[in-house]
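Since the structure is predicted, the reported quantities are computational estimates derived from the model, not experimental observations. Below, chains carry the letters A, B, ... as their sequence lines are ordered, and counting in each starts from 1.
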Number of protein chains: 2
Amino acid sequence: MNVQNTHISVLLRDLHRSLIEIVSAMNRPQRDEALLREAGLSLDRALFPVLVLVERLGPIGVVDLADRVGRDHTTVSRQISRLESLSLVTRQVGTHDRRVREVVIAPAGKRMTDRIDATRERRARAVFDNWSTDELATFVGLMHRFADALTDDPGTKAAEPA
Amino acid sequence: MNVQNTHISVLLRDLHRSLIEIVSAMNRPQRDEALLREAGLSLDRALFPVLVLVERLGPIGVVDLADRVGRDHTTVSRQISRLESLSLVTRQVGTHDRRVREVVIAPAGKRMTDRIDATRERRARAVFDNWSTDELATFVGLMHRFADALTDDPGTKAAEPA
DNA sequence: ATAAGTATGTGCATTATACACATAATGAGG
DNA sequence: CCTCATTATGTGTATAATGCACATACTTAT
């Protein structure tokens, strides 16, 4: 263990600290509720992340979606049913694979996510108030790179069938 | 809306995309389980984040802890009881305020989090394999700053009693 | 053509969760 | 010193979310 490695260990530990802070903040149900309230909307908080992901990830199957939210596919399947009964999303048979029932955002759902996004952007601007554009751009670039590396990390994915 | 603002909007949207990826990855229960398995440990996955936070945040009360994990304090209270019965944490009456029962990491719990940290660091090194030390240092610095800004953001905290 | 694999959905039992409520301790004001 | 509002914690209980076992429909490989 040389100096360089020790230095990196410290950096990684510091990074993990920040990551915990960030994930904690993002995970607070109060945060979603405040966001919805501020946007003048009402939606079950369990359904909120699913709706946002459907809008972001476009036509997507239940299994992929379940992998994203970290829940069993049966759970997500039921959540989608509820979103569908609220006319916020639609299901359509997959074009290439007819086993897949692709979930798509519906007009009412899109209107909702648009309002949420607007509110979120307003907040984000406040958070980055005293950042220069260059700093922000650098940060966004590094975050993008980190997110990609993390997603490709085998330890992050589901365990292979042994 | 001038060019500068539009540019920032794009940056923020890109950032949110990455944030979703990162938080999704961190939230996967499979990730915790894989981490535990790799470290040769066994622990209920609901208890895992609580244990880690107790180790990180040192002697801490139930309310503060509940705020961090985004759950009701009664839920966290029960989780701590379970951790205590496993001899992973200890409770002690607060030194300054005797209402608080501070939760402290126990030797067995510390041994567990140490092994987890070691495994986590090994993984992190793999993720940042092709980053230069400078890039990593810059990233860590910006993440730290972001985490602080996010934590101070009123929209992230609990709603005030209105 | 048959079998193996994958995507989805339902019945059901478990349990995590939060609300209502109770207790103990603190701190402010009279 | 003595209330009284406030805060930290914990228990009983009802609700709801979750995941497993299982079934069905479709795809792909042999």
Side-chain angles (χ1 to χ4, degrees), chain A residues 27-33 43-51 53-54 57-86 89-104 157-162, chain B residues 27-33 43-51 53-54 57-86 89-104 157-162:
Chain A
N27 274 342
R28 297 220 173 101
Q30 305 137 355
R31 183 174 182 274
D32 290 349
E33 279 167 18
L43 180 66
D44 188 306
R45 67 166 173 247
L47 268 40
F48 180 84
V50 181
L51 180 70
L53 283 180
V54 168
L57 306 177
I60 184 175
V62 176
V63 169
D64 287 348
L65 207 48
D67 187 53
R68 291 303 190 110
V69 296
R71 301 251 176 288
D72 193 82
H73 78 273
T74 62
T75 299
V76 175
S77 176
R78 273 180 259 257
Q79 288 171 339
I80 291 173
S81 295
R82 286 206 281 156
L83 285 174
E84 193 181 28
S85 70
L86 292 170
V89 304
T90 307
R91 272 188 287 205
Q92 65 189 20
V93 176
T95 41
H96 293 307
D97 187 336
R98 287 195 334 213
R99 287 172 302 180
V100 194
R101 291 186 68 195
E102 294 174 342
V103 186
V104 196
K157 298 178 177 172
E160 50 272 29
Chain B
N27 274 341
R28 297 220 173 101
Q30 305 135 358
R31 183 174 182 276
D32 291 350
E33 280 168 17
L43 181 67
D44 187 307
R45 67 165 172 248
L47 267 40
F48 180 84
V50 181
L51 180 70
L53 282 180
V54 168
L57 306 176
I60 184 175
V62 175
V63 169
D64 287 347
L65 208 48
D67 187 53
R68 291 303 190 110
V69 297
R71 303 249 177 287
D72 194 82
H73 77 273
T74 62
T75 300
V76 176
S77 176
R78 273 180 258 257
Q79 289 171 339
I80 291 174
S81 295
R82 287 208 279 156
L83 284 175
E84 193 180 28
S85 71
L86 292 170
V89 305
T90 306
R91 274 188 285 204
Q92 64 190 23
V93 176
T95 40
H96 293 308
D97 187 337
R98 286 198 334 216
R99 288 173 301 179
V100 249
R101 293 184 65 196
E102 295 174 341
V103 186
V104 197
K157 299 178 178 175
E160 49 271 33

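In this model, no side-chain donor or acceptor of B:T74 finds a partner on the base of D:dG10 within 3.5 Å.
Atom CG in B:D72 sits roughly 16 Å away from atom P in D:dG12 (whole-Å rounding). Rounded to an integer number of Å, the gap from B:R101 CZ to D:dT7 C1' is 16 Å. Rounded to an integer number of Å, the gap from B:E84 CD to D:dT9 C1' is 13 Å. Computed from coordinates, the A:I80 CD1 to D:dA17 P distance equals 15 Å when rounded to whole Å. If you measure from atom CG of B:L65 to atom P of D:dG10, you get 11 Å, rounded to the nearest angstrom.
Here B:R71 lies in heavy-atom contact (under 4.0 Å) with sugar-phosphate atoms only. No engagement by A:D64 is indicated, since no non-hydrogen atom pair under 4.0 Å with the nucleic acid exists.
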Which donor-acceptor pairs under 3.5 Å do the side chains of residues 68-75 of chain A make with protein atoms, sequence neighbours left out?
unit_1	atom_1	unit_2	atom_2	d
A:D72	OD2	A:T74	N	3.0
A:D72	OD2	A:T74	OG1	2.7

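Within the helix from C:dA1-D:dT30 to C:dG30-D:dC1, the inter-axis angle between the opening and closing five-pair segments is 30°, rounded to 10°.
Every side chain to side chain contact (heavy atoms under 4.5 Å, CB included) that B:R91 has, sequence neighbours left out, goes to B:I80, B:S81, B:E84, B:R101, B:V103. In terms of the salt bridge (charged side-chain N to carboxylate O under 4.0 Å, His left out) criterion, residue partners of B:D44 (sequence neighbours excluded) are, by chain and number, B:R82.
Contact check for B:L47 versus B:L86: side-chain heavy atoms found under the 4.5 Å cut-off. Using a 4.5 Å heavy-atom cutoff, the side chains of A:V50 and A:L65 are in contact. Side-chain contact between B:V89 and B:V104 is absent, with no heavy atoms from C-beta onward closer than 4.5 Å.
Between atom CD of residue B:E102 and atom CG of residue B:D64 there is a gap of 10.0 Å, rounded to the nearest 0.5 Å. A distance of 11.5 Å separates CG in A:L83 from CZ in A:F48, rounded to the nearest 0.5 Å.
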Determine, for nucleotides 22-30 of chain D in 5'-to-3' order, which nucleotides have protein heavy atoms under 4.0 Å from the base (write B), from only the sugar-phosphate (write S), or from neither (write -).
----BS---
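In this structure, of D:dG12, D:dA8, D:dG10, it is D:dG12 that holds the atom nearest to the side chain of B:R78.
Here the range on DNA chain C touched by chain A, meaning any atom under 4.0 Å from one of its heavy atoms, is C:dG5 to C:dA18.
In this structure, A:T75 does not reach the D:dT18 phosphate: none of its side-chain N or O atoms is under 4.0 Å from OP1 or OP2.
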